[in-house]
Amino acid sequence: NGAASKAGKLSKTHRARKGRGFGHPGGSMRSQRPQVVVARPSDQQATDEVAEYMSSPSGPRMHVIEEGLDHDEGLTTHRQQQHRDGHQSQLHHQAASQVGIPGAIQTQHDLEHSGTTVRVEGTEGHRGGGGGGPQVRLPPLLKNIIPGQRLPLISSAPEWKRLQRHAEYIKSETHLRDLLKDAERCDSMFASHDGAYLDYSRQRATQETLDLLFELSERCNLRGKIDAMVRGDPINFTEERSVLHTALRAPPEEAGTIIAHDGVDAIKEVHEVLESIREFTDAVRSGELRGYTGKRLRNIVSVGIGGSYLGPEFLHEVLKTEPDGINSSLGYSLRFLANVDPVDVERTCADLDPEETLIVIVSKTFTTAETMLNARTMRQWLWDFMGNDKEVVRKHVVACASVSSTALVRDFGIDTEKYFFRFWDWVGGRYSVCSAAGAVPISLLYGFDIFENFLEGAHSIDEHFINAPFEKNIPVLMGLLGVWNMSFLGYNTRATLPYAEALLKFPAHIQQLDMESNGKSVNKDGQAIDYPVGEVDFGEPGTNGQHSFYQLLHMGQTVAADFIGFIDSQHDLCIDQEQISSHDELMANFFAQPDALANGKTADEVRAEGITGDLVAHRTFDGNRPSMSLLLPKLTAYAAGQLLAIYEHRTAVQGFIWEINSFDQWGVELGKKLAIDIRKKLITARTDPNQVPVRAANPATSRILNYYVEQSREAALLDAFLFENEDVETPRQSNPTTEITRKTHTDFFPPEGTGDLGGGAGKLS
């Protein structure tokens, strides 16, 4: 295979560039797909069914029922006489007004009916389209204007049924130890782009499997859905939002090519914010912007939770030991405060000087309960040590939030002119590391240039994802094989196993990214799905994981595994008298574990080692456990961006195939609401002088809640008694709200000296 021999080499169109792996295309990678796209039925029976419905008296007045986001791609017409009379344009603009197509998209669309084929033209200036599958460029909720009409589940499609039958053959008739002996198969099962190399030959799959998966992707119009996402269509239909994390890392010269559903020029807006972040972070790092008492701001505390924390922390851990990151962060520190547990506050604030600390609050709505409580706590921490002058907050607190939250940011006391950096509703929390949520804390610590390298790496994969054929498209292949493992082979758990200690926080980020996105139970039509979706994701860096849970991977339930490795280490080491370097030792494990999972160890092989009797069964490995290996040149900011984008797009691909909404997260709302209700009951319990027992929603909750309240009261009494009997001048005063904790940070850790840095009271109004 000629392609295999060229893997990792520089082509003539590549140029060397710092931090860019094996090279990056020197020219533009703008989509080359044609701007005129044709939609054709992929299944005649489905087309006939749609046509029958559309021609019935109950059929809708609309002539298009499918916008390119459904598995039934047959497009037909209603009242065909109107087309013959030349009323296509009138019908189109009627449709546009009903579904709210932005004015910029309402260019002249001509719907030329020819049998069951519709040609859609006039979409110039909008990214995406063409190549790889039938599609039509219309908003994602178009089909929902047909009252009461829902298309069948994707599991009823013939392509799905064929995969189910094929899975039975794979499970009963094949084993990976045999598949890996097929040199032609192994040589074909890889894909590479810009230094990233994916080997998926250890998947329980054949070429027929891939062909069937590609047929399913065509049935689901995967290409059309990808284009709709990057074009800015409101594919997050339950919240009526675009999904444009790809715009966060697009180059500025692409401004004007992506218009979000709210009419915003996404890329132009992004670069306005990025430039303001560059100016601000440069000013802080140079000492131009200082704290309230005139000291340099050297400590950064990022306050956020979920995607506002996991993504930036993963990137921070990567850069901590990356050579450029080490040099640029000298003299600075970055900590993350996420958990509402007060212990997290203690750990975060330990040994920090408030006069040298900048607080970054990351909350899109500026109402997230845990984040805002921690934000108020950090504000109090600043006030405790510097006084409550309003300038303390204005010089020590930064906000990253949506424009709609400006009033809340201002009310908090933050300077909205210089210390407020916006992001948008079309950036989901778990997709926000490339926004101000990641840019501000990372650039404060490492400098904006390193963060920009991270964005460039992510953009490289974005272009690959948008333009590469599916057969060589890394995120698409990973997503399709994820669907195969989950929905057809029944592997509902997946492990992310980076053989790089600097990626220790990456599995946690992927866990949130994937499980919050695809942990759903209904499809986009609101129908209960009858096929498994949404893996349980977990992981740990190798080789630590090998001594933790690999026993289960090898001999327990089957867990699909992703191995991530690097050709060069951030810091290699080879001590005297060792035959190989430490990195080679690490990578020996990286290469061995996938083979061990795939091949296993037969009973005969165990006996050949001299093992006899009952011990043979205990030392036999079934094998046949799927994995894929992702190899990159070196873990840099650029490579971290590539990894991030690969996994973001893998998640989207799986959601597109499963026909679920991967971009909302209503499942987290119920627990939040119940927590608010219980919080009110706790306030009542803490302030009620009669100490009436709490009545919760059910007896079980009432019982455990009252036990908690009663025990905390006893703990408070004991705590107060111990303080009163200590040899101290002023006994501790119990906080009446919680009864067990202090009111301020100075109760236990008073500042040195007077504790009065000149803030002065009464200046907050």
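Residue numbers start at 1 and run along the sequence shown.
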*Is a side-chain donor or acceptor of Asp233 paired with a backbone partner of Met229 at a separation under 3.5 angstrom?*
no
*Looking at Glu317 and Lys505, what are the two nearest heavy atoms and their distance?*
CG-CG, 3.6 Å
*Looking at side-chain heavy atoms only, is the closest gap between Val427 and Leu248 below 4.5 Å?*
yes
*Just do the side chain to side chain donor-acceptor pair (under 3.5 Å) check on Arg185 and Ser201 with the steps written out, would you?*
CA-CA 7 Å; Arg185 171 188 171 277; Ser201 59; 5.2 Å; no
*Determine whether Val433 and Leu644 make a side-chain contact, defined as any pair of heavy atoms from C-beta on separated by less than 4.5 Å.*
yes
*asked:* To the closest 0.5 Å, what do you measure between CG (Asn523) and OG (Ser155)?
replied: 9.0 Å
*Can Asp462 and His649 be said to form a side chain to side chain donor-acceptor pair (under 3.5 Å), step by step?*
CA-CA 8 Å; Asp462 292 343; His649 297 323; 2.7 Å; yes
*Side chain of Tyr531, backbone of Phe488: donor and acceptor closer than 3.5 Å?*
no
*Let me see the working for Met478 and Val653 under side-chain contact (heavy atoms from CB on, under 4.5 Å), right down to the final yes or no.*
CA-CA 9 Å; Met478 292 176 68; Val653 166; over 6 Å; no
_For the OG atom of Ser662 and the CD atom of Gln654, what is their distance to the nearest 0.5 Å?_
8.5 Å
*Please report the shortest heavy-atom distance between Val533 and Lys520, naming the atom on each side.*
CG2-O, 3.3 Å
*Is there a donor-acceptor pair closer than 3.5 Å between any side-chain N or O of Thr493 and the backbone N or O of Val559?*
no
*Do the side chain of Asn485 and the main chain of Tyr491 share a donor and acceptor less than 3.5 angstrom apart?*
no
*Please examine the side chains of Ile277 and Glu272, heavy atoms only from C-beta on, and report whether any two atoms are closer than 4.5 Å.*
no
*Tell me, do Gln203 and Met189 make a side-chain contact under 4.5 Å, heavy atoms counted?*
no
*Before accepting this row, confirm whether a basic side-chain N of the pair Arg162/Glu215 lies closer than 4.0 Å to the acidic partner's carboxylate O.*
yes
*Is a donor on one side and an acceptor on the other found under 3.5 Å between the side chain of His464 and the backbone of Ile474?*
yes
*Check the pair Ser487 / Trp658 against side chain to side chain donor-acceptor pair (under 3.5 Å), numbers first and verdict last.*
CA-CA 9 Å; Ser487 298; Trp658 285 327; 2.7 Å; yes
*Sequence neighbours excluded, which residues qualify as side chain to side chain contact (heavy atoms under 4.5 Å, CB included) partners of Ala502?*
Thr321, Gln570, Leu635
_Suppose we screen for ring pair (Phe, Tyr, Trp, His ring centres under 6.0 Å). Which residues come up paired with Phe214, at least two apart in sequence or across chains?_
none
_Close side-chain approach of Gln642 and Ser460, heavy atoms under 4.5 Å_ = yes
*For the side chain of Arg204 and the backbone of Ser627, is there at least one donor-acceptor N/O pair under 3.5 Å apart?*
no
*Side-chain heavy atoms of Asp562 within contact of Met628, under 4.5 Å*: yes
*Where Tyr200 and Ser188 come nearest, the two heavy atoms and their spacing*: OH-O, 3.7 Å
*Find the distance between CG (Leu480) and CG (Leu212) and round it off to the nearest 0.5 Å.*
11.5 Å
*Could you grab the distance from atom OG1 of Thr636 to atom CZ of Phe566, nearest 0.5 Å is fine?*
8.5 Å
*How long is the span from the CH2 atom in Trp426 to the CZ atom in Arg241, to the nearest 0.5 Å?*
12.5 Å
*Would you call the rings of Phe448 and Phe451 parallel, tilted or perpendicular if under 30° counts as parallel and over 60° as perpendicular?*
tilted
*Start with the C-alpha distance between Thr496 and Phe563, add both sets of side-chain angles, then the distance that settles side-chain contact (heavy atoms from CB on, under 4.5 Å), and finish with yes or no.*
CA-CA 7 Å; Thr496 304; Phe563 291 88; over 6 Å; no
*asked:* Quick check: closest heavy atoms across Leu179 and Cys186, and the distance to 0.1 Å?
replied: O-SG, 4.1 Å
*Begin from the C-alpha positions of Arg650 and Leu477 and carry the test side-chain contact (heavy atoms from CB on, under 4.5 Å) through to its verdict.*
CA-CA 8 Å; Arg650 179 195 71 174; Leu477 288 167; over 6 Å; no
*Determine, for Lys268 against Glu253, whether the closest basic-nitrogen to carboxylate-oxygen distance falls under 4.0 angstrom.*
no
*Taking only residues two or more places apart in sequence or in another chain, which ones pass side chain to side chain contact (heavy atoms under 4.5 Å, CB included) with Asn492?*
Met486, Gln557
*asked:* Test your reading of the model: is there a side-chain donor-acceptor pair from Arg223 to the backbone of Glu218, 3.5 Å cut-off?
replied: no
*Thr238 and Trp666: side-chain donor and acceptor closer than 3.5 Å?*
yes
*Is any side-chain heavy atom of Arg430 less than 4.5 Å from a side-chain heavy atom of Ser517?*
yes
_Side chains of Asp211 and Gln207, donor plus acceptor under 3.5 Å_ = yes
_Gly438 versus Pro312, closest heavy-atom pair with distance_ = CA-CG, 4.0 Å
*Stepwise, does the side-chain contact (heavy atoms from CB on, under 4.5 Å) test hold for Glu463 with Phe465?*
CA-CA 5 Å; Glu463 292 296 316; Phe465 178 56; over 6 Å; no
_Looking at Ser242 and His261, would you say the former's side chain and the latter's main chain have a donor-acceptor pair under 3.5 Å?_
yes
*Which heavy atom in Ala205 sits nearest to a heavy atom in Trp484, and how many Å separate them?*
CB-NE1, 4.2 Å
_Steps toward side chain to side chain donor-acceptor pair (under 3.5 Å) verdict (Thr651, Asp514)_ = CA-CA 6 Å; Thr651 295; Asp514 207 69; 2.8 Å; yes
*So, are Glu659 and Lys225 salt-bridged, with charged N and O less than 4.0 Å apart?*
yes
*What is the ring orientation for His245 with Tyr431, classed by angle as parallel under 30°, tilted 30 to 60°, or perpendicular over 60°?*
parallel
*Which residue pairs satisfy the salt bridge (charged side-chain N to carboxylate O under 4.0 Å, His left out) criterion with at least one member in residues 473-484, sequence neighbours excluded?*
none
*Under a 4.5 Å cut-off applied to non-hydrogen side-chain atoms, are Ser192 and Leu198 in contact?*
no
*Measure centre to centre between the rings of Phe190 and Tyr197, then say whether the value is under 6.0 Å.*
yes
_Centroid-centroid distance, Tyr647 to Phe506, less than 6.0 Å_ = yes
*Could you pull out all residues at least two apart from Gln511 that satisfy side-chain hydrogen bond (donor to acceptor under 3.5 Å, both in side chains)?*
none
_Reported CG-to-CG distance for the pair Leu319 and Asp324, which is rounded to 0.5 angstrom_ = 9.5 Å
*asked:* Holding to side chain to side chain contact (heavy atoms under 4.5 Å, CB included), I want the full list of residues that pass it with His271, two or more places apart in sequence or in another chain.
replied: Pro252, Ile267, Leu274
